[in-house]
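For reference, the structure is listed below as structure tokens.
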Amino acid sequence: MSQTERRAVLLLVALAIGGQAIRLWLLRPEGAPGAIHLLGPDSSGSAAAHRDSAAVAGRPLGPGERIDLDRASARELARLPQVGPALAGRIVADREARGPFGGLDGLDRVSGIGPGLIGRLKDHVEFSGKPLPAGLLRPDSALQPPPPTDTARGLVSINHAGVADLDRLPGVGPSLAGKLVAWRQAHGPFGKIEDLLQVPGVGPAILGRIRERVTLGD
């Protein structure tokens, strides 16, 4: 073998060894110090869970799918035809105050629900509870227990008040009050007063009007 051939063979061997070394370096588990690791699908944590929850909440009812009006959250109820967040909040508030509906006849007691809407809902709902005897039901004016308040200033607790109490806040009204209750049912208690801005329909102007009239409660 000539000198030139030996050099060519040595060069090929060196290139092969070098390539293998680079491959092992790139595949080593710990990676290089300070290396940037791309986050996988499972690393999104609560953000991914929130997106999934929002997708479920906005999904139309599937064929044959029914929602249990005696158990469902406000977010689930809002998927029903012609219900929406405000009415969903009133349904949950009525159920919490006066017990299960037990059937379509019981649903008629909720303000804003009449024969027309009941006809639309009958094929999409079910009831797992038993209604209370008529004598045990509280009247509409007593749907919600008095919310915890600052007795010195009469502040309304946004984490405990029902639709009727929130409705009395300046600039709120029954529709927005229902949305506040629905948001609370779906996301849990408000952590700070400014969290009200996350509720559709609440803007800086309304927040400014009610800021001094509300509290987070106990």
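None of the values given here were measured: they were computed from a predicted structure. In this chain, numbering begins with 1 at the start of the sequence shown.
Separation of atoms CG (Leu166) and CG (Leu176) is listed at 8.5 Å; rounding is to 0.5 Å. One distance of note links CG of Leu117 with CG of Leu104; it measures 10.5 Å at 0.5 Å rounding. To the nearest 0.5 angstrom, His187 atom NE2 is 4.0 Å from Arg75 atom CZ. The structure places CZ of Arg184 at 8.0 Å from NE2 of His160, a figure rounded to the nearest 0.5 Å. Between atom CG of residue Asp167 and atom CZ of residue Arg90 there is a gap of 9.5 Å, rounded to the nearest 0.5 Å. Expressed to the nearest 0.5 Å, how far CG of Leu121 lies from CD of Glu126 amounts to 13.0 Å.
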Just distance, no hydrogens or angles: give the donor-acceptor pairs under 3.5 Å from side chains in residues 188-205, sequence neighbours left out.
| unit_1 | atom_1 | unit_2 | atom_2 | d |
| --- | --- | --- | --- | --- |
| Lys192 | NZ | Asp195 | OD1 | 3.0 |
| Glu194 | OE2 | Arg211 | NH1 | 2.7 |
| Asp195 | OD1 | Gln198 | NE2 | 3.3 |
| Asp195 | OD2 | Gly191 | N | 3.0 |
| Asp195 | OD2 | Lys192 | N | 3.2 |

Between Leu169 and Ile206, does the side-chain contact (heavy atoms from CB on, under 4.5 Å) criterion hold? Intermediate values first, please.
CA-CA 10 Å; Leu169 291 169; Ile206 290 180; over 6 Å; no
Is there a side-chain contact (heavy atoms from CB on, under 4.5 Å) between Ile158 and Thr215 once you walk through the steps?
CA-CA 6 Å; Ile158 57 174; Thr215 181; over 6 Å; no
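The closest donor-acceptor contact from the side chain of Glu96 to the backbone of Ala93 lies at 3.5 Å or more, if one exists at all. When atom types are taken as modelled, the side chain of Asp70 and the backbone of Phe127 share no donor-acceptor pair closer than 3.5 angstrom.
The environment of Asp123 atom CG is dense: over 12 non-hydrogen atoms of other residues, nucleotides or ligands sit within 6.0 angstrom. Within 6.0 Å of the CZ atom in Arg213, the count of heavy atoms belonging to other residues, nucleotides or ligands does not exceed 12.
When all heavy atoms of Pro81 and His124 are compared, the pair lying nearest together is CG-CD2, 3.8 Å.
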